[in-house]
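Atoms within each ligand, like the ligands themselves, are counted from 1 in listed order.
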Amino acid sequence: MFNKLKRKSKKVAWDSEKLPRHIAIVLDGNGRWATKRALPRTAGHAAGAETFRKVATYCKNIGIEFLTVYAFSTENWKRPPDEVSKIMELLEKYLHEALEKMERDRVKMKFIGDISVLSPKLKALIAETEEVSKRFDGVQVNICLNYGSRDEILRAVDTYAKSLLRFSEYSDNINQGIISTQPSLTEESFSNLLYTANIPDPDLVIRPSGEYRLSNFLLWQSAYSEFYFTDVLWPDFNEKELDQAILTYQKRDRRFGGI
Ligand code: IPE
Ligand code: IPE
Ligand code: MG
């Protein structure tokens with residue numbers, strides 16, 4: 001296994017010692033991929049799901065610790081109902097297949113976003129996938145579903161505000177030693193109120209499909225991420241494209257405000 005990986009890393013010329021710990025990808029361009037082939041947009045979403053499977057497996061094989069993918073945004077509900085329901089159907093199909101193959105693939109999955117509004121069937125599949133995932137280590141794949149960074153930040157602020165309210169309601173408890181200090185807000189404690197609590201910030205954010213925007217993806221978390229944009233549409237993305245993104249990332253000088 002080690003030799004095989006070593007050979008592979010030689011071939012692609014990236015440095016296996018300096019891999020990004022966390023890669024985040026906006027899965028964009030499915031619709032245009034299908035339209036170019038005179039197919040319905042939903043065929044693009046199906047092709048995109050296959051690409052996701054391939055890229056997640058590759059990340060696992062090369063030793064990436066976290067892969068986060070943006071699959072459905074809080075704004076994507078604006079799409080025609082037919083397209084939205086087809087995406088949800090594809091997701092169900094994907095999760096059924098993933099569950100069947102989980103013992104073999106051993107990819108740990110976590111869902112990020114407000115899944116409470118999804119169908120009971122999807123919610124049950126998500127719960128099962130996360131439960132089975134607990135047994136695996138290695139790459140963790142985070143799937144952002146009904147995710148929006150602004151929504152995530154607002155929820156965190158709301159949780160914090162409620163904790164302050166509880167604090168003032170029970171401030172008598174301070175005297176009794178039940179609560180010792182007012183809840184404080186630091187970058188670290190705020191990060192822990194986000195969906196991505198305990199997940200390190202992404203080192204590399206990839207957006208395919210020729211768009212140069214974040215579209216409400218990981219606004220807080222990507223403060224010091226490196227960005228990689230490519231015109232390739234997501235269904236055409238592959239291992240070689242990821243190699244190219246990693247190579248580009250490794251040539252960057254990350255200074256984090258220093259010199
Ligand atoms: C991304 O592909 C998938 C979702 C947002 C659900 P798009 O459907 O946005 O594809 P384009 O951008 O229209 O090509
Ligand atoms: C971003 O893609 C969201 C996902 C890929 C899930 P969009 O296609 O929704 O983004 P915009 O509309 O081009 O900004
Ligand atoms: Mg798009």
List every atom of ligand 1 that sits less than 4.0 Å from any heavy atom of [X], numbering the atoms from 1 in the order shown and giving each element.
X	value
H45	3 (C), 8 (O)
I87	6 (C)
R32	11 (P), 12 (O), 14 (O)
A71	4 (C), 6 (C)
L27	1 (C), 2 (O), 3 (C)
R79	4 (C), 5 (C), 7 (P), 8 (O), 9 (O)

Could you tell me whether some N/O pair between [X] and ligand 2 is separated by less than 3.5 angstrom?
X	result
S73	no
E211	no
Y70	no

Decide if atom [atom1] of [X] counts as having more than 12 heavy atoms of other residues, nucleotides or ligands within a radius under 6.0 Å.
X	atom1	value
R255	CZ	no
K93	NZ	no
K123	NZ	yes
K101	NZ	yes

side-chain hydrogen bond (donor to acceptor under 3.5 Å, both in side chains) assessment of R155 paired with Y195: CA-CA 9 Å; R155 280 164 193 272; Y195 289 123; 3.2 Å; yes
From the candidates E75, K78, R207, the one that places a heavy atom nearest atom 10 (O) of ligand 2: R207
Using atom types as modelled and distance alone, determine if a side-chain donor or acceptor of [X] lies under 3.5 Å from a backbone N or O of [Y].
X	Y	result
H22	P200	yes
Q250	D15	yes
R207	Y212	no

Ligand-side contact atoms (ligand 2) for residue partner R213, heavy atom cut-off under 4.0 Å: 11 (P), 13 (O), 14 (O)
Which of the ligand 2 atoms, numbered from 1, are nearer than 4.0 Å to a heavy atom of V26: 1 (C), 5 (C)
Charged N-O contact under 4.0 Å between E83 and K86: no
Polar side chain donor-acceptor pair, W220 to D201, under 3.5 angstrom: no
N, O or S atom within D28 nearest to the Mg ion (ligand 3), by name: OD1
side-chain hydrogen bond (donor to acceptor under 3.5 Å, both in side chains) between N192 and S189, worked out: CA-CA 5 Å; N192 283 328; S189 68; over 6 Å; no
Atom 9 (O) of ligand 2 - nearest protein heavy atom and its distance: N76 ND2, 2.9 Å
Parallel, tilted or perpendicular: ring planes of Y147 versus Y70, cut at 30 and 60 degrees: perpendicular
Backbone or side-chain N or O of R41 under 3.5 Å from ligand 1 N or O: yes
Nitrogen or oxygen atoms of N30 and ligand 1 under 3.5 Å apart: yes
Under a 4.0 Å heavy-atom limit, does [X] contact ligand 1 with its side chain, its backbone, both, or neither?
X	result
L233	neither
T35	neither
K36	neither

Residues W234, S209; criterion side-chain hydrogen bond (donor to acceptor under 3.5 Å, both in side chains); working and verdict: CA-CA 7 Å; W234 174 248; S209 91; over 6 Å; no
Proximity flag G29 to ligand 1, non-hydrogen atoms under 4.0 Å: yes
Residue portion contacting ligand 2 (non-hydrogen atoms closer than 4.0 Å) for F72: backbone
